[in-house]
Each structure stands twice: as C-alpha cells, then as structure tokens.
Amino acid sequence: MVFYDEMYGLNPQPNGTNKQQFEALPHYHAYQSWAKSYSPEAMAGKRAQADAAFRQVGITFAVYGDDAGTERLIPFDLIPRVIPSKEWTTLQKGLIQRVQALNMFIHDVYHKQNIIKAGVVPAEQIFLNAQYRPQMQGVDVAGNNYCHIAGVDIVRAGQGEFYVLEDNLRVPSGVSYMLEDRKMMMRMFPEVFNAMPIAPIEHYPDLLLETLRSSAPVGVDEPNVVVMTPGMYNSAYFEHAFLAQQMGVELVEGKDLFVDDGLVYMRTTQGPQRVDVIYRRIDDDYLDPLVFHADSTLGVPGLMSVYRAGRVSIANAVGTGIADDKSTYPFIPDVIKFYLGEDPILNNVPTYQCRKPQELSYVLANLSSLVVKEVHGAGGYGMLVGPAASKAQIEDFRARLIAKPEGYIAQPTLALSTCPTFVESGIAPRHIDLRPYVLCGKETKLVPGGLCRVALEEGSLVVNSSQGGGTKDTWVLQE
Amino acid sequence: MLSSTADHLFWMARYTERAENTARMLDIHLQSSLLAGGRSELQRGQAARAVLLISELVPAYEAAHGELSSESVLKFMVSSTTNGSSIYNAIYSARENARAVRGAITTELWETINVTWLELQVRLENDAWVKDMPAFFEWVKHRAHLTRGVTAGTMPRDDAYRFVALGTALERADNVARLLDVKFFEGAAADLQNWDAKGEYYHWAAILRSVSGFEIYRKTYRDTITPTRVAELLILRADMPRSLMAAMNALCNQLQKLANKRSSQTLRAAGLLQAQIQFTHIDDILQQGLHAYLTQFLVSINLIGKGISQDFLVA
C-alpha cells in the first residue's frame, strides 16, 4: 500500500537506516536544508533534552487503567509537520464553514427543528440519541453559540486529499500540547524559526479568553470566567491548569462552586464571588447532580437551573454531543448544505451506519478491511481496525455488532498520510492526523496550526495518546 | 482567591517546611550519635526514641517495626511510604498540593517543587541516600531554601503569597516547639540551673545547630552555651529567624493582611499568643516549666491552625 507522505508526497522516501537522498516536496525544502546541519547524535541529544524538559515542566498525562497516579510523558517527535499556506487556507475555510453549520444545527435542534421538518435528518436520529438533551429544548444560550471550542480531527489519505474524521464539540482536549510542542521547538531550534516563515500560534489563550468573555450572559460587562476541571487526577488535568493559568482565570472544581438565589458563586477566601462564564472540562453528565447523574460529586447542584435562566454561560454548551456523535456524522455534509446553501469544502469519510440492516450486512461481510467505531466511544477506546486485528478481535466485534448494531458505525480503513518520524531504527514514516481548534465567539476563528498526533508503532493507524500515540509540532507556512 | 486554592498553597508550604525541619532534626540526631561514640545501647535507643517523640510517632513506629534502632528509625522518618510524616511523604504532599494549584503559583516555583520530587525518587531508590546521609539531609535543606527563594523571588505579593507565608510560619512554630520540647519530655530534670555541663553541652549545641542557631547564639551571647539562653534564643528572640517569636510575628503579619469577615476570633488568638511571647521573660517560662510551657504553646498553635482552616480554607 502506498501512503501519501507529508514530506515526500508519493515519492519514494527514507525508511529506517537507508540514507540516500530523496526528493522532498517544496514546502519541506527549507526545513530539509536546515535539518541537514544536525548530525544524528546531535538530534538524539536534543530529543533527550526535550524529554527532560517536559518532565520538569510536568507536562504529563494519566493513563486510565494503569496504576493510579501514574504520570506519563506524551512522546514528542522533533520532526515537524509542515503545511503549505495554500493548503491551510482551504482547511481554514472548510473548518469555519463546518463549525458554523454545526452551531446552527444544534440551535435548530433545540429550537424549531426545521431540519427535521425538511426531512434532512430523521427525527429518530435526534430524539433516540443518547446525546440529545431534552433539558436544552427551548433554552436560549448567549449569542446562540454552542460550540465555543471545536477540535475537528482532519486526516489526509489517498493521493493527499483531506477528510474530516470527527467533530469534537464537547470537551476537545490537546490544545496545551499544541502550544507546548511549539514552545519546545522554539527552545530547541530557535534558528529555524528565524529562517522559515512559520505562522505563530502562541496567541491561542488570548483568543480563547476573548471567546469566553464574549459568551457572557446578557448584561454582564466584566464577566468572571473560570475553567472547571474534574480534578487533578483527570488525564487532562495539566491542560486545565495550563489554560487557566495562561488566561489568568481561576481553575475550579465542582466543590468550589455553589448556586444561591439564581446565580453561581465560587467560594473564595473573601466570601462568595459571582461566576459568569464556565469553561467546563467535564462532560454534561457530571455537571449537575440534580439533572444528570445524581451520584456525581464533580458537578454543582442547581447549575442547570441557573444556566437555563441565562444567568451563567457554559462553554461548550450543554447538548452539543448531538452534533458530534458518530451516528450524526454521516449527515453533516447535508447539514452544511441545509443551513449555508454551500457545498462542503471538506469531505466526510464514507460511513456505514450499522443501524441500517443493509449497511450492517455489508459491514459484517467486510470486517477485516473496515474500521469499526463505537458511536459513543472516544479516545481510541472500543474501536476495531480490521486490517490490523486478530481473528478473535474481529469475531468479538461481529458479536457486538449483531447484538447492538445502532451502537456502531464503520468506515473504510483510510490510507492515512505519513510523516517522517524518529524511531529506534532511525527516521521512518509514521501515520499522523491533525486537530485544529476552532473558536466561536463573536467571530469564528482559529490559530494557524493544530495538534498533530502520530502513531508511533509501525503501521498503526491509531494516533490517540491513550493508545501510545505521540505528538509533533505543526508549522503552517505564511506566504 | 478560591478557598480550595488557598488550602493547597497553605499545605504546600507546610509540607515543604516540614520536610526541611525533619531533615534538620535527623541530621542532628545522626551527628549526636556519632559524637557520643561511647554511649550505651540503651542511650542510643533513647536517642532514637526522642526522634520519634518529637513527631509523636512512637506508636506508629512500633506498629510497623517493633524494636528501636537508629537506622530503622532513620529510614522510617525518611523513606517510609506508610509514615505520613516521613520526608518522602512530606515532599510528595508538597508536590501534590502544588500540582493542584500549579496555575496559581509561578511556573518557576512549580518546576522547583516538581524537580525536588523527581530527584527525591532517584535519591531514595535502592536506599542510595543511606550511603551518605548527611549529604541527603543537606540536599533536602537546600531544596527547601531554593523553594523559599523562588517563592520570594517570583511570586507577586498577593493572597497566594500570603497563604504560603502563613503555612510556613505556622509549621515552623509547631516544629521548633516540638524540637525544643523533646529533651524534657523524656523526663530529664527540668531544673535547668543544675545541668551537667559536659553531658548536656552536646545536646543543646545540637539543637542550636539544627535550627541554624549555633552561630547566632555565639554572636548574640558571646558566652558559653547554657540551656536557659538556648531556650531564650529559640523562644523569645525576634531576630532569630527560626524562633517561636519570629514565627509568630510572621504568622500574625500575614493573618492581618488576609483578614476577612469570619477571621476575627483567629486573629485574636494569634495576637494573644504573639503578645504572650513578646512580653514574657525566660525566667517566667522556666518557673512554669519548659515542657508545660511548650505543651501549652502547641495547643494554642493547633487551635490557630484550625481557625485558619475554618475561616479561609473550607469556606
């Protein structure tokens, strides 16, 4: 199988120890001529330096299922993914288009439901979906804005065309790694940032704060913004603390907040202080034990009543899962056409909906060549990569599919693009994806770049950090 | 500031200070046991027991180890994961509290505390620290100095800083009082006028050294070491940075700046304790009995700690 490579396109490329010269794509020329000045030993030194620095800064994440409290580094690769300016312009347009349409879709679902009436999305897709939140029906949120922060997973396949793999509209994570990876590259290789027109991304926390402030309840001019975390044992805790610090706002847990007389307050050493905007990094289900999981101690009793009355803003809004759910995903191209009257700029991956008997039988007959995903799964847990799976794994999934077809979708195994990566045997191509972060406030915008995740095992297509994936810095070149 | 953030900062500082004071105390224990080479097994056992008494850890130790020996007491106080007051657990807790509020402290402070934790694990691995214990205690002290220095040099003087300073002062007052008390707890004669100069010299010199007070003592009194003056220096002298007076001054100073609507009772209690030290004479203390005096002091300090917690930290 031939994979499109970010550095070499479809040209032949180095693999492991072979050292002959290969023809890189033009947008990698500057990088290549710079990288030549580093010997493999010098590079290895830089890698060790970067690892030590990440550990000292404490940029670690907890892996579920491991010993409690275990902290791991996410492997960081020193070879950047470079995106030429023209490709980025298309990506950016496509992302803004997509997220705007998703936002309108969520608003419509929780208000007039025109899209159902028009027959574009079937009613059962909405109302029988576990991600539909009846509590949000008819609720007006500030600026009709639901997805303040969207992390859209983009992959490139085949001859180099882009696809949207997933829309993450609930609590997308990873942006701190995007920022820390860049910081690390600038620390390791300051000279290359002088030599190449690499677009800056460091203002992301500013944009985020602006987005959150602009989402304050009506009539609040100087909003008190907080970041809400499930706590320090959450796998993404570093990111929660990092973003709160970078924005200069408080990092709170549910127990720091309380509801009194129709408003949300935080407990401070000087008494209660009103909270206006909550950038929450916990799922809907844990936000308010009076409305959702009654036994959750992570949330704030009464929060939803204040939210529904429009006296506190929550980002992202409650109920966005209806739009990023994997079973809703196949409808998104039609959603874009319906609300914007435009053709989608970014393509969907063709998707089989196992709840449809016909598509299910196709999936069952082709399990060994498909990727099967749980509709409500995330983080690379609970998925089957057919070509890489054992017979037993395939049979296990077959049984699960037959038992609960509506719980799964399937997609052809994409020939994900690769990027040269440091591995034990030298430099070799490894599969990657890209997660840019789209911010919706008064305007929809994004910083030029994203989190590039890389599957470090040879041939692996699963890039999630929980599955041993690493990250790379992403350089968008300016014209 | 969030009450929970203040709570973490307060305890981060307390554990940092506790790790340091434990290291200081153990270092002295080690030195005195070297100096008094001719001591009997019984005396050695008593010295090891004194170490545990300071931290009220005799029952916990006996439950875990049984027989007293200097080395196993040292290990219990340094690397034990079950002893909540070991240096290991103090540094671990300081780091966990810092991690919980890493956004509220400066990056440099966080990294200092995090590196301490990372290095500690290396030093404790395979009991490597046992090979050179003085160097290990020196390292713990050094990291505490560094943490304090980075705090002073990078933290803005806001409430976060004040809760750190408050935690440091409270823990120090507690630890120094315990250190001073232990000799008398053992039931030695409280009659300080008739002490056996030869045998006791090393004990008091060691206590002075453990609080970096030996040189200060010499400078202040320009005379031989007497228990009365040691007690005076460590309790009453405001210019001695690790004295109870200095700790109480720092504590009251921070507490006044942090005052809120609920805190008047705690402020009064702290002010009263501060005034009592300030306007007392060492002879009055000795008349009451040093042990009785320090026991009373520890009760008061404990109450102030509880008051701070109720007024600011749990809200």
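Below, chains carry the letters A, B, ... as their sequence lines are ordered, and counting in each starts from 1.
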Inset, instruction - Measure from the side-chain N and O atoms of A:T269 to the backbone N and O of B:S3, and report whether any donor-acceptor pair falls under 3.5 Å. - result: no
Legend entry - Residue part contacting chain B, namely of A:Q56, when any heavy atom lies under 4.5 Å: both
Inset, instruction - Identify which part of B:I105 has an atom lying under 4.5 Å from any heavy atom of chain A, answering side chain, backbone, both or neither. - result: backbone
Inset, instruction - Working to the nearest 0.5 Å, report the span between CZ of A:R55 and CD of B:E111. - result: 14.0 Å
Inset, instruction - Taking all heavy atoms of A:Q245 and all of B:G103, pick out the closest pair and write down the distance. - result: CG-O, 3.5 Å
Legend entry - Which atoms of B:T107 approach chain A - backbone, side chain, both or neither, heavy atom under 4.5 Å: both
Legend entry - Atom pair CD (B:E96) and OH (A:Y233), whose distance is rounded to the nearest 0.5 Å: 4.0 Å
Inset, instruction - Would you indicate whether B:K306, at its atom NZ, is surrounded by more than 12 heavy atoms from other residues, nucleotides or ligands within a distance under 6.0 Å? - result: no
Legend entry - Separation between CZ of A:R267 and OG1 of B:T5, rounded to the nearest 0.5 Å: 13.0 Å
Inset, instruction - Measure the NZ-OG distance between A:K255 and B:S4 for me, rounded to the nearest 0.5 Å. - result: 5.0 Å
Legend entry - Contact list for residues 263-284 of chain A, test ring pair (Phe, Tyr, Trp, His ring centres under 6.0 Å), sequence neighbours left out: A:F258-A:Y265
Legend entry - Per-residue contact mode, B:A104 against chain A (heavy atom under 4.5 angstrom): neither
Legend entry - Nearest-0.5 Å distance that lies between atom CE in B:M1 and atom CD in A:E250: 6.5 Å
Legend entry - Residues in residues 135-169 of chain B that sit under 4.5 Å from chain A, counting heavy atoms only: B:D159, B:F163
Inset, instruction - Check whether A:V252 gets within reach of chain B through its side chain, its backbone, both or neither, counting any heavy atom under 4.5 Å. - result: both
Inset, instruction - Mind ranking B:V115, B:T112, B:L258, B:N114 by heavy-atom pairs under 4.5 Å with chain A and telling me who comes out on top? - result: B:N114
Legend entry - Part of A:F242 lying under 4.5 Å from any heavy atom of chain B: neither
Legend entry - Proximity breakdown for B:L118 and chain A, heavy-atom pairs closer than 4.5 Å: side chain
Legend entry - Backbone of A:A241 reached by a side-chain donor or acceptor of B:R102 within 3.5 Å: no
